[in-house]
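Beneath this line is the structure, given in structure tokens, with notes to follow.
Computed from a predicted model, the values in this text were never measured in an experiment.
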Amino acid sequence: MKHIGDAILITEDGTVITVNLPADRENFAAYTAAVLRCTTLEAFDLTDGVTVWLDEEGLGQWPYNALMDALGNLHGHTNSFHGPVLITGYSTHVQPLTTDQAIQLLKELNDAGA
């Protein structure tokens, strides 16, 4: 099976992009801040082992992210999402999404955007 990517980026305009995390996780915060175009990160668990990273100051700064909001609602979250988000795996530290996690999330995003 082809490698999908380690993480999923959902931009504020609903574009979905699979990306690879840096090999050196020591640089994860800087990498994620650059990808999300922000300075302050916030994280929350979407599901067990799946974490969403976003701009902590995004509300009022970024446009509404309807696709991420739909995905969050699917998983029982009532947050209102603004700006781009990055979805990664997580246990005790950031880790790549498994292929199964990535496929499931991409299916859910496809269904949410339909």
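Although no hydrogens or angles enter the test, the distance criterion places a donor-acceptor pair under 3.5 Å between the side chain of D24 and the main chain of E26. Remark: the backbone N or O of M68 is paired with a side-chain donor or acceptor of N65 at under 3.5 angstrom.
A7 and L86 make their closest contact through CB-CD1, 3.9 Å (heavy atoms, listed as atom of the first residue, atom of the second, distance).
Under the 4.5 Å side-chain heavy-atom criterion for grouping Ile, Leu, Val, Met, Phe, Trp and Tyr, L67 is connected to L54 within one hydrophobic cluster. One hydrophobic cluster holds both L36 and I17 under the rule that ILVMFWY side chains link at heavy-atom gaps under 4.5 Å.
Proximity of L9 to P84: side-chain heavy atoms (C-beta onward) are separated by under 4.5 Å at one or more points. Counting heavy atoms from C-beta on, the side chains of E12 and R37 come closer than 4.5 Å. Put simply, the side chain of I10 reaches to within 4.5 Å of the side chain of L109, judged on heavy atoms.
Note: Q61 CD to C38 SG = 11.0 Å, rounded to the nearest 0.5 Å. The line from CG of L71 to CG of L106 is 10.0 Å long, rounded to the nearest 0.5 Å.
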Test log, rule side chain to side chain contact (heavy atoms under 4.5 Å, CB included), inputs V16 and T11 | CA-CA 7 Å; V16 176; T11 65; over 6 Å; no
Distance-only donor-acceptor hits, side chain of residues 39-51, under 3.5 Å, sequence neighbours excluded:
| unit_1 | atom_1 | unit_2 | atom_2 | d |
| --- | --- | --- | --- | --- |
| D45 | OD1 | T51 | OG1 | 3.1 |

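The ring pair (Phe, Tyr, Trp, His ring centres under 6.0 Å) contacts involving residues 49-71 comprise F28-W53, Y64-H82, where partners must be two or more places apart or lie in separate chains.
Remark: of the listed residues I8, V52, D55, V52 is the sole one forming a side chain to side chain contact (heavy atoms under 4.5 Å, CB included) with V85. The only member of D6, V94, V19 that meets side chain to side chain contact (heavy atoms under 4.5 Å, CB included) when paired with T88 is V94.
Counted by atom type alone, D100 and T98 present zero donor-acceptor pairs between their side chains at under 3.5 Å.
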